[in-house]
Amino acid sequence: MKNEKLKKKRIFLIVLDSLGIGEAPDAKDFGDEGANTLKRISEGGINIPNLLSLGLSHIDGVDYLPKSGEPKAAVARLRELSRGKDTTIGHFEIAGLVSESPMPTYPEGFPEDIIKKFEEAVGRPAIVNKPYSGTKVIEDFGDIHVKSGDLIVYTSADSVFQIAAHEDVVPLDELYEICKKAREILVGEHAVGRVIARPFTGGSGNYKRTANRRDFSLKPPRRTLLNALCDKKMDVISVGKISDIFAGEGITESYPTHSNYEGMAKAKELLKKDFTGLCFINLVDFDMLYGHRQDISGYKTALEEFDAFLPTFINNMKDDDLLIITADHGCDPGDKSTDHTREYVPLIICGNAIKGQNFRTLDSFATIAMTVSSLLGVGYTAEAGISLKDSL
C-alpha cells in the first residue's frame, strides 16, 4: 500500500558542494584513486551527531564513522554516470541529465585564437593562461595585474575559464561583463562548463579572493526537472549559485549568497515562505574555501556547523515538507591535488512519514530528479535513475 502521506508540497534540496564519500569505481580514469572527502575530514574525530542520527554512517562505504542506532532517514550512496567530476555536470545530473561526454579541459591553457578573441572583445590583455591554483595565481601575478590592468586568465583540471581581477582595478560590474563576453566566445568545441569571475582585494603579498565570485554556466542542453516544475507553475527557488549553474533556466526566484552561513540562514527563512515546489540550495564553502585549498580542518568545521544547523531546520519543517541532502562531486582536501575528485555522494531523505532505511548503492544522481518529480507529481522522466517515492 502506497504511503499517501508522502505527497509533498515543498522539497528542500541541499547540496553540500564537494562532500564526496569515497572513490567511484572509475576513479582511476580521473586520477583519483583513494579519494575520500568525508573520510579525510573525519580522521581524528568529527562532531556530527545529527547527520549520524539521520543515517550518514549507514551508507555503503562509510564504515569509519560510528553508527547511531537505526537511521532516522532514508539513505543511499549515489554513483555519478556522467563523464565528469565538476559542479555543472554534477548539478545537471541531479536535475535529470546525464552527460556522456566530458566538457573540454585545457591542461596546456586555452588556444591562442580563443585568447585573442577574448582580448579583442574585452579590450584588455590576458596573462597566465594555464592551470593554476586560484590563491597561488593572484599571489604570483597579482602585482603585474595591478600595475598593468591585464586580466589574470587561468583554468584547472575542471572545465572552467577563470578570470581574476582586483576590485580596485576592474570594478565588479566590468568584471561580470567581461565574463559574459567570454561566455559568448566559449561555445562549440570550446564550450567550457563555467566562466568564473574571481575578484580579489588587498595589497602586494596579501591578496585575498572576495566573496563576489560569480559563475557563468552553459545552459542545460536538454530539459531538466527545473523546467518541468516551471511548466507546472511550481516554484523553483535558488539559494547560492544554483541559478548561475543552470544559467537561470527553470528558476523562478533566486537568492545569491556569499557563504555557507548565508545559505543556511536563507534556508531557514524560506521555511516561513508559502510556496509549492523546490527550494534548491548550494553550500559552496565546502568546495571553494576548504576542498580546493586543502584545508582539512576548515572543511571539518564547516560540516560540523552544518550539522548544528540541522535540528532547528528539521524541527520547523511542515508535515508536507521534505529535506534531501546530497553532494555534486568530491574534493578531497588531503589528496595530491587541489582539484575535484571522482567520488560517490551521499543521499539523505528525511521528513514526515519517511521511514529510516538504507537503499544501499544506486546508479545516477538523477535518482534525485526522479524522486522529486514523483513526490511533487510533475511527471518528469530523468535520463537515468529511479524514483524512490513508493519505497520511502
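Heavy atoms only: backbone and side chains are in, while hydrogens, waters and symmetry mates are out.
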Original post:
Sequence neighbours excluded, which residues qualify as side-chain contact (heavy atoms from CB on, under 4.5 Å) partners of Pro66?
Top reply: Leu52

Original post:
Are Ile21 and Ile349 connected, step by step, through hydrophobic side chains (Ile, Leu, Val, Met, Phe, Trp, Tyr) whose heavy atoms are closer than 4.5 Å?
Top reply: no

**OP:** Report yes or no: does Lys336 contribute a side-chain atom to a donor-acceptor pair with the main-chain N or O of Gly31 at less than 3.5 Å?
**Re:** yes

**OP:** List the atom of Met288, the atom of Arg209, and the distance in Å for their closest heavy-atom pair.
**Re:** O-NH2, 4.2 Å

Original post:
Could you give the distance from NE2 (His292) to OG (Ser18), rounded to the nearest 0.5 Å?
Top reply: 7.0 Å

**OP:** Flag the pair Arg194 and Asp86 as a salt bridge only when some basic side-chain nitrogen lies within less than 4.0 angstrom of an acidic carboxylate oxygen.
**Re:** no

Subject >> Nearest heavy-atom neighbours spanning Val146 and Val169 >> reply: CA-CG2, 4.0 Å

Original post:
Looking only at atom types and distance, does a side-chain atom of Asn206 sit under 3.5 Å from a main-chain N or O of Gly202, one as donor and one as acceptor?
Top reply: no

Original post:
According to a 4.5 Å side-chain heavy-atom criterion applied to Ile, Leu, Val, Met, Phe, Trp and Tyr, with indirect links allowed, do Leu218 and Leu186 form part of one hydrophobic cluster?
Top reply: no

Subject >> Partners meeting ring pair (Phe, Tyr, Trp, His ring centres under 6.0 Å) with Phe365 (sequence neighbours left out) >> reply: none

Subject >> Residue Tyr64 excluded, over 12 heavy atoms near OH under 6.0 Å >> reply: yes

Original post:
Would you find a donor on one side and an acceptor on the other, under 3.5 Å apart, between the side chain of Asn227 and the backbone of Thr224?
Top reply: yes

Original post:
Are Leu323 and Leu16 grouped together when hydrophobic residues (ILVMFWY) are joined by side-chain heavy atoms under 4.5 angstrom apart?
Top reply: yes

Original post:
What is the distance from atom CE of Met370 to atom OG1 of Thr381, rounded to the nearest 0.5 Å?
Top reply: 5.5 Å

Original post:
Hey, are the side chains of Tyr154 and Phe141 touching, using non-hydrogen atoms and a 4.5 Å cut-off?
Top reply: no

Original post:
Are any of the side-chain nitrogens in Glu119 or Lys116 under 4.0 Å away from the carboxylate oxygens of its partner?
Top reply: no

Original post:
Can you tell me how far CG of Asn36 sits from CD of Glu23, rounded to the nearest 0.5 angstrom?
Top reply: 8.5 Å

**OP:** Check the pair Phe12 / Ile314 against side-chain contact (heavy atoms from CB on, under 4.5 Å), numbers first and verdict last.
**Re:** CA-CA 11 Å; Phe12 293 84; Ile314 292 172; over 6 Å; no

Original post:
Hey, mind stepping through Asp60 and Thr361 against side chain to side chain donor-acceptor pair (under 3.5 Å) and telling me if it holds?
Top reply: CA-CA 7 Å; Asp60 285 359; Thr361 298; 2.8 Å; yes

**OP:** Measure the shortest side-chain to side-chain distance between Arg83 and Glu100 over non-hydrogen atoms and say whether it is less than 4.5 angstrom.
**Re:** no

Original post:
Do Arg342 and Asp26 come within less than 4.5 Å of each other through their side chains, counting heavy atoms only?
Top reply: yes

Subject >> Side-chain heavy atoms of Val345 within contact of Val15, under 4.5 Å >> reply: no

**OP:** Locate the shortest heavy-atom distance separating Asn282 from Ile245; write the atom from each residue and the value.
**Re:** ND2-CD1, 4.5 Å

Original post:
Taking the six-membered ring for Trp, are Tyr176 and Phe216 parallel (under 30°), tilted (30 to 60°) or perpendicular (over 60°)?
Top reply: tilted

Subject >> Parallel, tilted or perpendicular, as decided by the 30° and 60° cut-offs, for the rings of Tyr299 and Phe286 >> reply: tilted

Original post:
Could you walk me through whether Glu305 and Asn260 pass the side-chain contact (heavy atoms from CB on, under 4.5 Å) check?
Top reply: CA-CA 9 Å; Glu305 289 170 350; Asn260 280 4; 5.9 Å; no

Original post:
Below 4.5 Å, heavy atoms only, C-beta onward: do Leu65 and Ile46 meet side chain to side chain?
Top reply: yes

Subject >> Contacts of Phe309 that satisfy ring pair (Phe, Tyr, Trp, His ring centres under 6.0 Å) - sequence neighbours left out >> reply: Phe306, Phe313

Subject >> Under 4.5 Å side-chain linkage, directly or through intermediates, the cluster mates of Val187 >> reply: none

Original post:
Say you draw a straight line from CG of Asp235 to NZ of Lys9; how long is it, rounded to the nearest 0.5 Å?
Top reply: 9.0 Å

Original post:
Can you tell me if Lys67 uses its side chain to pair, donor with acceptor, with the backbone of Ser57 under 3.5 Å?
Top reply: yes

Original post:
Do Ser42 side-chain atoms and Leu38 backbone N/O form a donor-acceptor pair below 3.5 Å?
Top reply: yes

Subject >> Residue pairs, two or more places apart or on separate chains, that pass ring-ring contact (aromatic ring centres under 6.0 Å, His included) and touch residues 180-205 >> reply: Tyr106-His190, His145-Phe200, His166-Phe200, Phe200-Tyr207

**OP:** Quick one: do Glu120 and Lys117 satisfy salt bridge (charged side-chain N to carboxylate O under 4.0 Å, His left out)? Show the steps, please.
**Re:** CA-CA 5 Å; Glu120 290 174 350; Lys117 286 179 183 178; over 6 Å; no

**OP:** Under the side chain to side chain donor-acceptor pair (under 3.5 Å) rule, what do Asp158 and His340 come out as? Steps first, then yes or no, please.
**Re:** CA-CA 8 Å; Asp158 299 320; His340 292 159; 3.0 Å; yes

Original post:
So, does Ser243 use its side chain to make a donor-acceptor pair with the main chain of Ser238 at under 3.5 Å?
Top reply: no

Original post:
Do His329 and Thr87 pass the side-chain contact (heavy atoms from CB on, under 4.5 Å) test, and can you show the C-alpha distance, the side-chain angles, and the key distance before you say yes or no?
Top reply: CA-CA 7 Å; His329 52 72; Thr87 295; 3.3 Å; yes

**OP:** Examine Leu289 and Ile138 and state if one hydrophobic cluster contains both, with Ile, Leu, Val, Met, Phe, Trp and Tyr joined whenever side-chain heavy atoms are less than 4.5 Å apart.
**Re:** no

Original post:
Any side-chain heavy atom of Phe161 within less than 4.5 Å of one from Ile185?
Top reply: no

Subject >> Verdict with supporting geometry, Glu167 and Asn212, side chain to side chain donor-acceptor pair (under 3.5 Å) >> reply: CA-CA 10 Å; Glu167 292 187 2; Asn212 293 317; 2.9 Å; yes

Original post:
Can you find a heavy atom in the side chain of Leu54 that is under 4.5 Å from one in the side chain of Val75?
Top reply: no

Original post:
Strictly under 6.0 Å, is that where the ring centroids of Phe118 and Phe110 end up?
Top reply: no

**OP:** Kindly give the heavy-atom pair with the smallest separation between Ser159 and Met103, and that separation in Å.
**Re:** OG-CB, 3.3 Å

Subject >> Note, Ile163 side chain near Val195 side chain (heavy atom, < 4.5 Å) >> reply: yes

Original post:
At what distance, to the nearest 0.5 angstrom, does CD1 of Ile11 lie from CE of Met317?
Top reply: 9.5 Å

Original post:
Stepwise, does the side chain to side chain donor-acceptor pair (under 3.5 Å) test hold for Ser82 with Glu80?
Top reply: CA-CA 6 Å; Ser82 297; Glu80 185 171 18; 4.6 Å; no

Original post:
At their closest point, which heavy atom of Arg360 faces which heavy atom of Asn358, and how far apart are they?
Top reply: N-OD1, 2.8 Å

**OP:** Please say whether the positively charged group of Lys85, taken as NZ for Lys or CZ for Arg, lies over the ring of Phe30, i.e. under 6.0 angstrom from the six-membered ring centre and within 45 degrees of the axis.
**Re:** no

Subject >> Minimal non-hydrogen separation, Leu78 against Ser364, with atom names >> reply: CD2-O, 4.0 Å

**OP:** Treating Ile, Leu, Val, Met, Phe, Trp and Tyr as nodes and any side-chain heavy-atom pair under 4.5 angstrom as an edge, say whether Ile324 and Phe275 lie in one connected cluster.
**Re:** no

Original post:
Do the side chain of Arg10 and the main chain of Leu271 share a donor and acceptor less than 3.5 angstrom apart?
Top reply: yes

**OP:** Under the side chain to side chain donor-acceptor pair (under 3.5 Å) rule, collect the residues that match up with Lys180, sequence neighbours excluded.
**Re:** Glu177

Original post:
Out of curiosity, Asp17 CG to Cys331 SG, how far, rounded to the nearest 0.5 Å?
Top reply: 8.5 Å

